[in-house]
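As the structure is a prediction and not an experimental result, all values here were calculated from the model. Computation of the quantities below employed the complete heavy-atom set of this structure, encompassing side-chain atoms and omitting hydrogens, waters and symmetry-equivalent molecules. Positions are given from 1, in the same order as the sequence printed here.
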Amino acid sequence: MMENAILHKIKYTWKWIKIMSNIQLFKSNESTDADMAAYEKNLFRHRLRNLAIGAGLFGAVILCFVLLWTSVQNRTFETYEVVKSYDRTDTLTTQYAEFQNYVLKYSNDGISCVDSNNNPVWSQTYNMQNPMIHVCRNSAAVAEENGTEAMIFDETGMQGTVQTRLPIRQICVSSQGVLAALLEDGDVMRLKLYSKTGEELVTAKFELQDVGYPLRMTLSSDATKLAVSFLQVQDGGIGTCLGFYNFSSVGENQEDRLVASRILKSEVMSVVEYMDTTHCFALGTNQLLIYEGTQIPELTKEINLEKKVLSVFHSETYIGLVLESEEEGYALQVYDVQGNLQFESVFDLDYRVLKFSGKNILIYNEFECIMLNSKGKIFFSGTFEESISNLYTQSGNNRYIVMHGSRTDQIRLR
């Protein structure tokens, strides 16, 4: 009996110990869960704080970049210094055209290509009484106006020559070197397309009594589309017919490959230009028309002009118009390829040349020059001691090439 009582007491004690142990374990688990919850809470706060710091730093970097960009865009220059200077070896009758990162020099006896350091890249002689030139991205062409010879070039030199039976009135070249030549044949104007090696590709004709006299033609940069502005006599007055031609399979089944046209009464569209492969604009006395289309151009915007247009110039992305100003000077309007007005500006320089060069607009006469950025802000206005033959952007926003009568200068604005 004694042994049974002792055994019972031991079992009871062991059972009690197990109960107390489970209670203690339960309390210990409660403490662990609480610590884990606190740890996760602190970790979340730590991560949130790091995220906020990272976002703040990123925002600060973006803000600094925006401020720096704004500062660069709004920076103005008061003077310039000549970095390098070269003696000119060409004549005073030499004309110039920008060509990629080079400059083309052409005159009656030949054409040459030089780099920004005035080093010759290539040259070609010819004999043309009145040479005319056209440049499109990687290609350039020169022809004698009313003559029968044309030449096609790329950055390596001459690629081909064209000899025609009929006098050449106008030329256009595409980026890959396809040449469009408008030839006069009595009461008919003939259009011929040539490969860059001089091979005839396409021919078409315009009856003057039907479509009128071609004022201007323009070829798309991929050579698949051509636009022509024809001057017409309508009911005793004058007007314009805009004709759009397609040289791909789309235009094969159309007469003379004419895929679209528009008659404008009492409006002379003296300018028509393809800016790239799909965008084209036509400018008249009272209207700016914007066309777009990969195959058949469609009118996308018609802008009525209330003031007289004095000049027009363009790049692949922008159209610039100089109009009469209500105040002294001139009003400059710049549109994008969709016809959206980008900015308006006023200047008072009696200019000789306006052009897009790099990302800037250069306006100059014989001695004076003003430069505007892509937002229309004038960042430089200056006068040169020697007359300006040509001016173009070399790099960035403060380096330029200035060609004078006796030398060529590389300048840096400051």
Do the rings of [X] and [Y] sit parallel, tilted or perpendicular, given the 30° and 60° boundaries?
| X | Y | result |
| --- | --- | --- |
| Phe356 | Phe313 | tilted |
| Tyr330 | Tyr351 | perpendicular |
| Tyr245 | Phe206 | tilted |

How close do Phe230 and Val228 get, counting heavy atoms only, and between which atoms?
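Of all heavy-atom pairs spanning Phe230 and Val228, the closest is CZ-CG1, 3.4 Å.
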Looking only at atom types and distance, does a side-chain atom of [X] sit under 3.5 Å from a main-chain N or O of [Y], one as donor and one as acceptor?
| X | Y | answer |
| --- | --- | --- |
| Arg88 | His404 | yes |
| Gln159 | Gly157 | yes |
| Asp409 | Ile411 | no |
| Asn373 | Lys375 | yes |

Please determine if Glu302 and Arg262 form a salt bridge, counting it only when a charged side-chain N lies under 4.0 Å from a carboxylate O.
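Yes, Glu302 and Arg262 are salt-bridged.
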Note: Glu273-Arg216 ion pair, threshold 4.0 Å (strictly below)
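So Glu273 pairs with Arg216 through a salt bridge.
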Who pairs with Tyr194 by ring pair (Phe, Tyr, Trp, His ring centres under 6.0 Å), at least two apart in sequence or on another chain?
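Here no residue qualifies.
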Can you confirm whether the side chains of [X] and [Y] place a donor and an acceptor under 3.5 Å from each other?
| X | Y | answer |
| --- | --- | --- |
| Ser357 | Thr393 | yes |
| Ser174 | Gln176 | yes |
| Asn119 | Tyr102 | no |

Residues, nucleotides or ligands: over 12 heavy atoms within 6.0 Å of Asp187 CG:
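Atom CG in Asp187 is not crowded, with 12 or fewer foreign heavy atoms closer than 6.0 Å.
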Check whether more than 12 heavy atoms from other residues, nucleotides or ligands sit under 6.0 Å from atom CD of Glu328, and answer yes or no.
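Check fails, neighbour count at 12 or below.
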